[in-house]
2 protein chains.
Amino acid sequence: MQNIDIDMKVKLIHGFSNKTRIQILECIKNQEKTVSQIVEEISGNQSNISQHLACLKGCGIIVGRNEGKYSYYSLRNQHIRDLLTMFDTVLGDVQNDVACCDRHID
Amino acid sequence: MQNIDIDMKVKLIHGFSNKTRIQILECIKNQEKTVSQIVEEISGNQSNISQHLACLKGCGIIVGRNEGKYSYYSLRNQHIRDLLTMFDTVLGDVQNDVACCDRHID
DNA sequence: TTATCATATTAGCAATACCTAATATGTGTG
DNA sequence: CACACATATTAGGTATTGCTAATATGATAA
């Protein structure tokens, strides 16, 4: 694992480290959806969601396709789905600790 | 999955989303180490590493124990190790995309 | 007890990420 | 063509994160 790989790994993980992005991923975990469906389901702001979708897509976490005036987004593949599931597993282990951790660096 | 859980999940993932923290985790992935060992191995700054260790510990990702004047840190459990491995797996899938993504939100 | 080593904590600045509001693009429809 | 709808992009301010440098704590050894 070279340095270049670490940078990419961090970038990848960063894709998952935001509440809105996690909500989007949960939202499309089992089926592709349009931007407006996502916006509605997570009660988000269109511009904001669109930016996060671009981020997730740019990081290779999701894929998008256009059909007419709609854009459909879905998880890139099963590995991403597995990763989301694994987050839940790990969360179960650490839940109490995370609950009482309200800082990230100091 | 309630909102409260999403917040905790994001907090947990955030623990993994920094280069120094990933380096620390890789460094102690297979055996516990002291702070100074970690500082040396990843060529870091003592204060900085110490802060990141506090973050990782606060998030429940690692555990620490004191012995004399040394503090030893290691991964919390096998699930964390599995998660780190899974990041590598997923990275393999998306590597090209991540490589050309140099922004996170815009 | 004084000195030294290992680690933790604090403060403040620098960098990054995120949000909202405004605007642009692109597609279908009357 | 003009208009409406779906989505993307940009700009900018605000908030969060991470870094370095300085200092504090705590343990051992001379």
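We name chains A, B, ... by the order of the sequence lines, and we start the count at 1 in each one.
Set against D:dA6, D:dA11, C:dC18, the side chain of A:R21 has C:dC18 as its closest nucleotide. For B:S36, the listed nucleotide lying nearest its side chain is C:dA6; candidates were D:dC19, C:dA6, C:dA21. Of the listed nucleotides (C:dT20, C:dT10, D:dT7), D:dT7 has the atom at the smallest distance from the side chain of A:Q46.
Residue-level contact check: A:Y73 touches the backbone only, with heavy atoms under 4.0 Å from sugar-phosphate atoms and none from bases. As judged by a 4.0 angstrom heavy-atom cut-off over every strand, A:S71 is placed among residues touching the sugar-phosphate backbone only. A:N18 comes within 4.0 angstrom of the backbone, heavy atoms only, and of no base.
Between the CD1 atom of B:I42 and the C1' atom of D:dG18 there is a distance of 14 Å, rounded to whole Å.
Residue B:H52 places at least one side-chain N or O under 4.0 Å from the OP1 or OP2 atom of D:dC19.
Here the closest non-hydrogen pair linking A:K9 and B:I22 is CD-CG2, 4.2 Å.
With sequence neighbours excluded, the residues that form a ring pair (Phe, Tyr, Trp, His ring centres under 6.0 Å) with B:F87 are B:F16.
Side-chain contact check for A:S74 and A:K33: no donor-acceptor pair (N or O, by modelled atom type) lies under 3.5 Å.
Mapped onto DNA chain C by nearest heavy atom, A:T20 and B:Q37 fall at different nucleotides, with B:Q37 at the one closer to the 5' end.
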